[in-house]
Amino acid sequence: MTAAPSQNSLPADTDTTFDQELCGLVLDTAPRLFAVVQVCGEGADGWVAAWGLAESDGRTHVFGVDGRTRMTLGSPERAVRHFSRRPGITARLIWLAQPEAATATQAAAA
């Protein structure tokens, strides 16, 4: 006895095409990823203080590496101001390159 195919299932080649379309959508709408790096003094020491996501409309979400800081700001530059408040500490943005590929499988992403 074989099970009848689901009426909701698509042929395998349609699934592949749809996955490719979804991956394209993800790449087109992905937020930009950046780190906020704090630098001590004249650049003798530095560390990642936070990670951020910048959306196309300007909204920026920032998450401190300490797990206590979460902010939604109008721009990534505002995060720099926030993390530059201590005397002798400056902050700067380091942008990660735009992604060039996406995959629908976790194994392929690793």
Side-chain angles (χ1 to χ4, degrees):
M1 176 187 232
T2 60
S6 167
Q7 293 177 358
N8 294 329
S9 65
L10 298 171
D13 62 336
T14 304
D15 270 351
T16 302
T17 302
F18 184 62
D19 283 349
Q20 290 171 342
E21 289 178 18
L22 288 176
C23 288
L25 175 67
V26 167
L27 289 171
D28 290 344
T29 61
R32 293 285 315 271
L33 179 63
F34 64 91
V36 180
V37 178
Q38 288 181 315
V39 177
C40 182
E42 298 297 317
D45 195 13
W47 55 91
V48 175
W51 288 98
L53 297 170
E55 298 187 38
S56 61
D57 65 2
R59 284 182 300 151
T60 301
H61 309 281
V62 179
F63 309 91
V65 295
D66 62 7
R68 297 181 302 199
T69 305
R70 291 184 181 191
M71 299 179 279
T72 298
L73 304 166
S75 71
E77 291 73 24
R78 290 186 181 246
V80 170
R81 283 188 243 155
H82 175 79
F83 285 95
S84 294
R85 290 184 177 168
R86 292 178 36 206
I89 302 292
T90 59
R92 61 182 75 158
L93 300 176
I94 304 292
W95 293 91
L96 274 68
Q98 279 289 98
E100 296 177 10
T103 181
T105 62
Q106 184 176 4

Are Trp95 and Val36 linked, directly or through other ILVMFWY residues, by side chains that come within less than 4.5 angstrom of each other? yes
Hits for salt bridge (Lys or Arg N to Asp or Glu O under 4.0 Å) against Asp28, two or more places apart or cross-chain, chain-then-number order -> none
Ignoring hydrogens, what is the shortest heavy-atom contact between Val48 and Val65? Give both atom names and the distance. O-CG2, 3.4 Å
Contacts under 3.5 angstrom, residues 73-85 side chains, donor-acceptor by atom type, not counting sequence neighbours:
| from | atom 1 | to | atom 2 | distance (Å) |
| --- | --- | --- | --- | --- |
| Ser75 | OG | Glu77 | OE1 | 3.4 |
| Ser84 | OG | Val80 | O | 2.8 |
| Ser84 | OG | Ala91 | N | 3.0 |

Taking atom CD1 of Ile94 and atom CG of Leu33, what is their separation to the nearest 0.5 Å? 12.0 Å
Spacing of Phe34 atom CZ and Leu96 atom CG [to the nearest 0.5 Å]: 10.5 Å
Tell me which donor-acceptor pairs under 3.5 Å the side chains of residues 49-59 have, and how far apart each pair is, sequence neighbours excluded?
| from | atom 1 | to | atom 2 | distance (Å) |
| --- | --- | --- | --- | --- |
| Glu55 | OE1 | Arg59 | NH2 | 2.8 |
| Glu55 | OE2 | His61 | NE2 | 2.5 |
| Asp57 | OD1 | Arg59 | N | 3.0 |
| Asp57 | OD1 | Arg59 | NE | 3.4 |
| Asp57 | OD2 | Arg59 | NE | 2.9 |
| Asp57 | OD2 | Arg59 | NH2 | 3.3 |

